[in-house]
Amino acid sequence: MKKNEGIFNKKYSKAFFIVLLLLAIYLFPTFFQGGYVLHLLIVVFTYIIIASALNLVVGYMGYISFGHAAFYGIGAYFSSLAMIKLGISFWLALLLSFVLNFIVGLALGYFPLSLRVKGPYFAIVTSAYSFIVYSILLNLDITRGPMGLVGIPRPDPLFGIDFFTREGYYYLTATVSIICFVIIWRFATSRFGRALKAIREDEDVAESIGIKSNYNKIMCFAISGAFTGVAGSLYAHYQTILAPDMFKIAESTDMILMVVVGGMGNLIGPILGAGVINILPEVLRPLAEYRQIIYSFVLIIVMLYYRGGIYGFIRKMYKKI
Amino acid sequence: MFLQQIINGLIIGSSYVLIASGLTLIFGILDVVNLAHGEFYMLGGLVSYFLFTSLGLNFWMALILAMIIVGILGILVEKLIFKKIRFEPHLISMIVSSGLSLFLIGAAELIFGARPRSFRTGMADTSIKVLGVNINIQRILVLICAAILMYILYMIIEKTKFGKAMRACSQDLNTACLMGINIDMVFSLTLGIGCAMAAAAGGLMAPIFFVNPSMGMVPFLKAFTVVIMGGLGNVYGTIAAGLMLGVIESLGSAYISTAYKDAISFVILILILLFKPTGLFGRG
């Protein structure tokens, strides 16, 4: 029947596209030998995790969080210190980073969210979190303050891949990123995701139809923080050095930028945003000192005129065609 | 020693009051969350520094001129940016104003350079002794000027026709429109006044600390704390809260620890938001 054929075609082409994408991602290093491009991609994949996670809070739940730099920093420092001081394996450290940041997210989110701290107040409270974590990282002995950590180890070889090379770490980052993305995708398209959207639209009405807003909000914040922490760990082990300066509030603002410019409330937007925000400075090398001005200007224009971000813009164009 | 800390606290507190009063006016009347408010404080400091050192204007002229310039900038910002997102949810104005904040910081870095400068006015070299406590002239001026400016603000709000319009807008916007009040003008001027107050704080504090493009970020968070403590839109509460926060911070940094001084304010902010979000003194 015609209807069946239609469904068959759609499913087939979707799977085909995904396989093509995966092939492109994994075969990329064998065709392009540029170390610099790989570096960029590693950074982009890391930020895809963060942007997607933050999108859950900003795009789906409708709350602005400037606190994700805190999770990023906690994740980075925790897994580094855990590997250096406790000698545990990379994979365990990564997992523990997820769990720790989840718990931190629960703790940090519990009070503001259950007491209905919203909108600007929530933004300020979360930026206070970023600031407090930054202060702690700067002043604690174990993190060596402004000097930071050096010699953060890479994971031991797995399946014959050497993670001490850029190529190897690229495969690692891409894989973890894809896994995280899929998990977030599953969350976003589930009942949980729809509950978040309902909370975003009107929290009281959502409550009245039986959505436990406190539970969902705190869960969302915690999950978002957990994934951001994992990204932080990935990043730390890539750079092998860390300094508290990477985790100031400005970092949180960059993350918000990625989500907003890429397109909030959908799954492709953050990917576009992460890509654009990280690749553009390289493309615009000659204009490097104008980076901040250009970015903030773009942010303002996007919010005033192109609310849906790059993704929204592309969709509009596509419809016109 | 204790008295010294209190006086220092009052001085810092009065700068918070200036910034916070602008913020609370803007939030109370325009219902806009202006995350860029700290940057107007910074611009006030930077512009008055520039006018003082490059053009050789005397400190007072530089300060007043800086206030006017930043005030006009505020009006422009309202007309070009905030007007387009009027009545939209707070999320939107937050994102836009954080973009504006980054833009202003970046622009300041380009024009003035990111390097902190010190603003020597010569007044910092004289001190007077009051009640056995040494006070620097430059510092006590902050307190005096803040008091004068707040008094002027009080006169504007309570005694002028424009102030009446402002109060009407904060009470009921629709009715204010029906009564023939020009909302555009009220909004623009309110943002202008708010920014001018912040600029004044920046200009007054600039000689005490260093002047650099990121100097507005931490004072902004403190001012926001003050706004919440005092009650949104409540200018009088803001005055009390600002002074209180300044003193608490000063005592805290002396008796607890200086490293975590700024964190004290944020802890207070979190506590207030959790337990008394309408502020210690209720809304305005």
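Since this is a predicted model, take the numbers as computed values, not measurements. Letters A, B, ... mirror the listed sequences (proteins, then strands); counts begin at 1.
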ask   = Does the ring centre of F122(A) sit less than 6.0 Å away from the ring centre of Y63(A)?
value = yes
query = For the ring pair Y295(A) and Y290(A), is the centre-to-centre distance below 6.0 Å?
reply = no
Tell me, yes or no, whether the heavy-atom count around [X] atom [atom1], taken from other residues, nucleotides or ligands under 6.0 Å, exceeds 12.
X: R167(B); atom1: CZ; value: yes
X: M246(A); atom1: CE; value: yes
X: F112(B); atom1: CZ; value: yes

Check [X] against [Y] and note the closest heavy-atom contact, atom names and distance.
X: A20(B); Y: V227(B); value: O-CG2, 3.5 Å
X: Y16(B); Y: G242(B); value: CD1-O, 4.4 Å
X: M215(B); Y: G45(B); value: CE-CA, 4.3 Å
X: G194(B); Y: H37(B); value: O-CE1, 3.5 Å

ask   = Can you tell me if H68(A) and S65(A) form a side-chain donor-acceptor pair at under 3.5 Å?
value = yes
Residue from L137(A), L138(A), I132(A) passing side-chain contact (heavy atoms from CB on, under 4.5 Å) with Y134(A) =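 With Y134(A) as partner, side-chain contact (heavy atoms from CB on, under 4.5 Å) holds for just one option, L138(A).
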Carboxylate-amine/guanidinium contact R86(B) E78(B), below 4.0 Å =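 Here R86(B) pairs with E78(B) in a salt bridge, since their nearest N and O are under 4.0 Å apart.
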I need the residue from [options] with the largest number of non-hydrogen atom pairs under 4.5 Å to chain A.
options: H90(B), K84(B), M94(B), E88(B); result: M94(B)
options: V218(B), I92(B), L221(B), I85(B); result: I92(B)
options: L110(B), V96(B), V33(B); result: L110(B)

Measuring heavy-atom distances to chain B, does [X] have an atom under 4.5 Å in its side chain, in its backbone, in both, or in neither?
X: Y305(A); result: side chain
X: Y129(A); result: side chain
X: F111(A); result: both
X: S114(A); result: neither

query = Side chains of N101(A) and Y72(A): does their closest heavy-atom pair fall under 4.5 Å?
reply = no
task = Determine which residues belonging to residues 268-280 of chain A lie within contact range of chain B, meaning some heavy atom pair is under 4.5 Å apart, and list them by number or answer 'none'.
result =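 No residue falls under the 4.5 Å cut-off.
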note = Residues of residues 192-208 of chain A with a heavy atom under 4.5 Å from any heavy atom of chain B, in residue-number order, are none
ask   = Between I81(B) and chain A, which part of the residue has a heavy atom less than 4.5 Å away: side chain, backbone, both or neither?
value = both
